[in-house]
Amino acid sequence: MDNICYRKARACSRKDIRDVALAVRIIEGSTDSLFFDILHFMEVTLPQIIPEYEFCVEDIKIMRNAEGLTYPDKGIVKIRQDVYNGAVSGNGRHRFTIAHELFHLLQHDNSNIMFARAGKENAIKKYENPEWQADAFGGELLIPNHLIQGLSVKEISQKCGVSLSAASYQKNLLNKMM
């Protein structure tokens, strides 16, 4: 039996994550808007709230395969140049990556991330997985479930500025809740 090392975060439900996303939308003043301007929030709003926060756009040669890196304890988010450029151009996947990194900044630090070693049968629960949490947040922030009812996947993608796969995933979640 192989043991695997996992990063484990404090348990966080989808509802908890949705509440954080709504709080961010309230701060940005966009609770009733389908499109969330993630770059405005990261570059303009967040520095006003967290003075020590830094948003850095890094060269591909420095970041290599990492599209984004977050150092919550230092208040730093680094985004690879091509991902940033894509987000500026409205690429849904790149916008999602930035939202994902925002959740790491807001919710994950040394006090609530630990390493767990477990056999495959004892793998951590998805709601304890910091990457699942950050992905869930990206979906909840960029695709607000209270505004997408009655929209098609294509409409959600276009109006929220997200990929078709992200729009489909969130719509399916909404349908399961109903």
Side-chain angles (χ1 to χ4, degrees), residues 6-31 33-58 63 65-80 83-84 86-88 91-116 124-148 156 160-163 165-167 169-174 177:
Y6 297 95
R7 284 185 351 168
K8 182 178 176 180
R10 184 176 335 137
C12 196
S13 71
R14 172 73 65 169
K15 184 197 176 308
D16 296 337
I17 292 166
R18 189 171 291 133
D19 290 346
V20 174
L22 182 58
V24 169
R25 281 180 156 270
I26 289 168
I27 290 167
E28 187 65 8
S30 60
T31 54
S33 172
L34 280 165
F35 184 83
F36 183 80
D37 190 343
I38 187 66
L39 289 174
H40 184 271
F41 186 80
M42 299 295 283
E43 295 179 308
V44 177
T45 305
L46 205 50
Q48 294 172 8
I49 299 167
I50 307 172
E52 64 276 8
Y53 160 74
E54 272 186 73
F55 183 76
C56 308
V57 179
E58 295 282 352
M63 297 282 289
N65 292 336
E67 294 180 3
L69 294 170
T70 301
Y71 304 90
D73 292 324
K74 295 179 181 178
I76 298 172
V77 173
K78 294 183 177 186
I79 299 297
R80 201 172 64 196
V83 173
Y84 178 81
V88 167
N91 179 296
R93 184 178 181 287
H94 295 314
R95 288 174 23 80
F96 189 94
T97 296
I98 295 171
H100 173 106
E101 296 302 325
L102 173 59
F103 190 77
H104 287 315
L105 177 74
L106 298 176
Q107 296 293 309
H108 298 144
D109 60 29
N110 287 337
S111 70
N112 64 11
I113 295 287
M114 62 216 84
F115 293 92
I124 63 168
K125 309 286 188 276
K126 75 176 183 178
Y127 53 83
E128 296 173 323
N129 181 327
E131 296 305 315
W132 175 86
Q133 292 175 358
D135 281 348
F137 175 79
E140 296 295 335
L141 180 65
L142 298 180
I143 309 165
N145 71 348
H146 68 286
L147 298 176
I148 64 169
I156 294 168
C160 294
V162 297
S163 68
S165 61
Y169 186 85
Q170 287 299 117
K171 183 168 176 69
N172 286 338
L173 278 178
L174 179 63
M177 291 172 41

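The line from OG1 of Thr31 to NE2 of His146 is 6.0 Å long, rounded to the nearest 0.5 Å. With values rounded to the nearest 0.5 angstrom, Ser30 atom OG is found 9.5 Å from Ile38 atom CD1. Here the CD1-CD distance, from Ile156 to Gln170, works out to 8.5 Å after rounding to the nearest 0.5 Å.
The side-chain hydrogen bond (donor to acceptor under 3.5 Å, both in side chains) test applied to Lys15 returns Asp19, not counting sequence neighbours. Annotation: side chain to side chain contact (heavy atoms under 4.5 Å, CB included) contacts of Lys74 (sequence neighbours excluded): Tyr71, Ile76. Remark: Arg95 engages no residue in a salt bridge (Lys or Arg N to Asp or Glu O under 4.0 Å) (not counting sequence neighbours). Residues satisfying the ring pair (Phe, Tyr, Trp, His ring centres under 6.0 Å) criterion with His100, sequence neighbours excluded, are His104. For Ala23, there are no side chain to side chain contact (heavy atoms under 4.5 Å, CB included) partners two or more places apart in sequence or in a different chain. Under the ring pair (Phe, Tyr, Trp, His ring centres under 6.0 Å) criterion, Phe96 pairs with no residue, sequence neighbours left out. Contacts of Arg25 classified as salt bridge (Lys or Arg N to Asp or Glu O under 4.0 Å), with partners at least two apart in sequence or in another chain: none. In this structure Ser13 satisfies the side-chain hydrogen bond (donor to acceptor under 3.5 Å, both in side chains) test together with Asp16, sequence neighbours excluded. Remark: Glu28 pairs with His40, Thr45 by the side-chain hydrogen bond (donor to acceptor under 3.5 Å, both in side chains) rule, at least two apart or across chains. Residues meeting the side-chain hydrogen bond (donor to acceptor under 3.5 Å, both in side chains) test with Thr70, sequence neighbours left out: Glu101.
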When you look at Leu46 and Leu105, which way does the side-chain contact (heavy atoms from CB on, under 4.5 Å) test go after all the steps?
CA-CA 11 Å; Leu46 205 50; Leu105 177 74; 3.6 Å; yes
| field | Worked check of side-chain contact (heavy atoms from CB on, under 4.5 Å) between Leu142 and Cys160 | value | CA-CA 6 Å; Leu142 298 180; Cys160 294; 5.6 Å; no
Quiz item: How far apart are the C-alpha atoms of Leu39 and Ile98, what are their side-chain angles, what is the distance that settles it, and do they pass the side-chain contact (heavy atoms from CB on, under 4.5 Å) test?
Solution: CA-CA 8 Å; Leu39 289 174; Ile98 295 171; 3.7 Å; yes
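Inter-residue side-chain proximity for Val24 and Leu106 is flagged as met; some heavy-atom pair is nearer than 4.5 Å. Considering only heavy atoms from C-beta on, Val77 stays 4.5 Å or farther from Leu102 through its side chain. Residues Ile27 and Phe41 are in side-chain contact: their nearest non-hydrogen atoms beyond the backbone lie under 4.5 Å apart.
In this structure, Phe103 has its ring center closer than 6.0 angstrom to the ring center of His108.
The minimum heavy-atom distance linking Pro144 with Ser33 is given by the pair CG-O, 4.1 Å. Between Ile143 and Ala166, the shortest heavy-atom contact is CD1-O, 3.5 Å. When all heavy atoms of His94 and Val83 are compared, the pair lying nearest together is CB-O, 3.3 Å.
A donor-acceptor contact shorter than 3.5 Å links the side chain of Gln133 to the backbone of Arg10.
Here salt bridge (charged side-chain N to carboxylate O under 4.0 Å, His left out) pairs that include residues 130-142, with residues two or more places apart or in two chains, are Arg7-Glu131, Arg14-Glu140, Arg18-Glu140.
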Would you tabulate the side-chain donor-acceptor contacts of residues 49-57 under 3.5 Å, counting partners in other chains and residues two or more places apart, or write 'none'?
from  : atom 1 : to    : atom 2 : distance (Å)
Tyr53 : OH     : Met42 : O      : 3.0

